[in-house]
Visitor: 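Shown below is the structure under consideration.
Computed from a predicted structure; not experimentally measured. Only this structure's heavy atoms are used, side chains among them; waters, hydrogens and symmetry mates stay out. Just so we're on the same page: letters track the sequence lines, and every chain starts at 1.
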Protein chains: 2
Amino acid sequence: MKLLEDRILLEGQVLPGDILKVDSFLNQQVDMQLIDALAGEFYRLFCCEGVTKILTAESSGISIAAAAALHFRVPMIFAKKTHPEKGANGCYFSRMRSYTRGTDCLLTVSGRFLSASDCVLILDDFLARGSAALGMLAIVRQSGAKVAGVGVAIEKSFQDGGRRIREAGVRLESLAVIENMSPPGEIVFYRGD
Amino acid sequence: MKLLEDRILLEGQVLPGDILKVDSFLNQQVDMQLIDALAGEFYRLFCCEGVTKILTAESSGISIAAAAALHFRVPMIFAKKTHPEKGANGCYFSRMRSYTRGTDCLLTVSGRFLSASDCVLILDDFLARGSAALGMLAIVRQSGAKVAGVGVAIEKSFQDGGRRIREAGVRLESLAVIENMSPPGEIVFYRGD
């Protein structure tokens with residue numbers, strides 16, 4: 001999506017450790033007009049799938065999922081990240097690794113909010129190693145719900161999250177795919193084979 | 001706001017420790033159609049204040065702030081909660097107490113996102129003792145920005161957060177004000193003096 005790619009080129013900062021900093025418009029300060037355009041694109045891509053719930057993980061996925069929920073007119077759920085020792089009473093859960101923070105956490109969703117009659121669209125801001133998205137997939141499968149697919153704003157295709165989601169048989173739509181990046185700021189987008 | 005009060009009466013659960021559980025529509029599963037109505041009301045209340053940024057705190061304030069940012073057509077910023085020992089390099093920050101969790105944390109906003117030329121509307125889902133709202137007020141004041149006011153979906157007026165914000169000379173708008181509540185589910189709304 002050109003609108004998003006242009007914004008990444010304009011404001012994204014490539015930091016050591018394959019980190020793309022986009023906190024001026026995506027994940028601390030959030031340009032909701034841009035986010036709403038991304039949400040509209042997710043609606044165009046997934047509107048025929050019979051989506052009944054949108055699932056994301058706190059915190060930086062919430063703004064995209066919230067905007068998308070307005071387009072789809074369905075509830076949005078955000079999975080909470082808790083300390084692994086806290087447990088997950090009455091919840092669907094999955095253990096996940098945050099590579100940015102170097103810590104493990106439990107991703108949890110109350111058992112009251114997903115059931116076998118749901119069809120769930122998983123949305124997030126970033127897809128790198130796929131830890132959060134795969135954790136959310138595990139949660140949806142525990143609930144017996146159908147997965148409509150996974151949508152992310154930015155995929156780093158040089159990491160293996162995208163491959164792992166596709167190998168799980170799940171449709172993945174990424175609005176900007178970064179094939180390669182290196183400091184101090186070279187960003188190459190994937191343009192198809 | 002009747003729409004919100006009715007939903008609280010329908011789905012809210014009063015738990016011991018003055019906790020109102022509204023996670024079926026406000027802070028885990030989120031009814032974005034309801035949230036958009038709340039956001040529209042905040043727009044009506046604050047649209048003449050020259051708001052340039054909307055500030056909230058992760059995670060449960062984000063959906064309201066995101067929806068409001070679409071009405072105001074300004075960026076939304078969410079303050080991050082980090083461990084006090086992590087520090088806040090290059091950030092405005094405030095130490096806050098989470099009474100629900102019984103822990104302290106640092107609320108931080110990058111110094112790049114607020115400045116003296118901004119006029120900031122602070123939004124959150126809940127106001128109880130006011131810890132998060134007062135922390136955000138401290139952050140806005142550090143930046144030199146003007147405060148348009150504080151808006152919350154639900155205020156518990158039997159706790160002192162509302163008083164503390166008004167005593168700080170800040171306009172507070174609460175869309176539902178709970179004067180009293182006790183298990184197993186009695187909720188009394190404030191109806192004016």
Visitor: So if you build clusters from Ile, Leu, Val, Met, Phe, Trp, Tyr with side-chain heavy-atom gaps below 4.5 Å, do B/Val150 and B/Leu123 land together?
Guide: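 No.
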Visitor: Can you tell me if CZ on B/Phe158 sees more than 12 non-hydrogen neighbours from other groups inside 6.0 Å?
Guide: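 Atom CZ in B/Phe158 is crowded, with more than 12 foreign heavy atoms closer than 6.0 Å.
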Visitor: Not counting sequence neighbours, which residues clear salt bridge (Lys or Arg N to Asp or Glu O under 4.0 Å) with B/Asp104? List them please.
Guide: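 Result, salt bridge (Lys or Arg N to Asp or Glu O under 4.0 Å) vs B/Asp104: B/Arg95, B/Arg97.
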Visitor: Could you tell me which portion of A/Ala79 (side chain, backbone, both or neither) has an atom closer than 4.5 angstrom to a non-hydrogen atom of chain B?
Guide: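 Backbone only.
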Visitor: Hey, quick one: are A/Leu172 and A/Ile64 part of the same hydrophobic cluster, counting side-chain heavy atoms closer than 4.5 Å, chains of contacts allowed?
Guide: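 Different hydrophobic clusters.
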Visitor: Can you tell me which of A/Met76, A/Lys80, A/Lys53 forms the most heavy-atom pairs within a distance under 4.5 Å of chain B?
Guide: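 If we count pairs closer than 4.5 Å to chain B, A/Met76 comes out on top.
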Visitor: Please tell me whether A/Phe25 and B/Val74 are part of a single hydrophobic cluster in this structure, the criterion being side-chain heavy atoms less than 4.5 Å apart.
Guide: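 Per the 4.5 Å side-chain linkage, A/Phe25 and B/Val74 are co-clustered.
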Visitor: Running the 4.5 Å side-chain criterion over Ile, Leu, Val, Met, Phe, Trp and Tyr, what cluster does B/Leu106 land in, apart from itself?
Guide: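 Noted: B/Leu106 shares its cluster with B/Phe93.
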Visitor: Heavy-atom pairs under 4.5 Å with chain B: which of A/Arg73, A/Gln28, A/Arg112 has the most?
Guide: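 Ranked by heavy-atom pairs under 4.5 Å with chain B, first place is A/Gln28.
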Visitor: Most heavy-atom pairs under 4.5 angstrom with chain B, which of A/Ile62, A/Leu34, A/Ile35, A/Asp36?
Guide: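 Result: the option with the highest number of such pairs is A/Ile62.
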Visitor: Counting C-beta onward and ignoring hydrogens, is there a side-chain heavy-atom pair between A/Leu70 and B/Gln33 closer than 4.5 Å?
Guide: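 The answer is yes, as the side chains (C-beta and beyond) meet within the 4.5 Å cut-off.
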Visitor: Please report the closest heavy-atom contact between A/Phe78 and B/Asn27, naming both atoms and the distance.
Guide: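 For A/Phe78 and B/Asn27, the tightest heavy-atom pair comes out as CZ-O, 3.2 Å.
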Visitor: Sort out for me which of B/Asp31, B/Ile54, B/Val109, B/Asp23 touches chain A most, counting heavy-atom pairs under 4.5 Å.
Guide: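 Among B/Asp31, B/Ile54, B/Val109, B/Asp23, the one with the most close pairs to chain A is B/Asp23.
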Visitor: Rounded to the nearest 0.5 Å, what separation is found between the NZ atom of A/Lys81 and the OG atom of B/Ser59?
Guide: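 That separation rounds to 8.0 Å.
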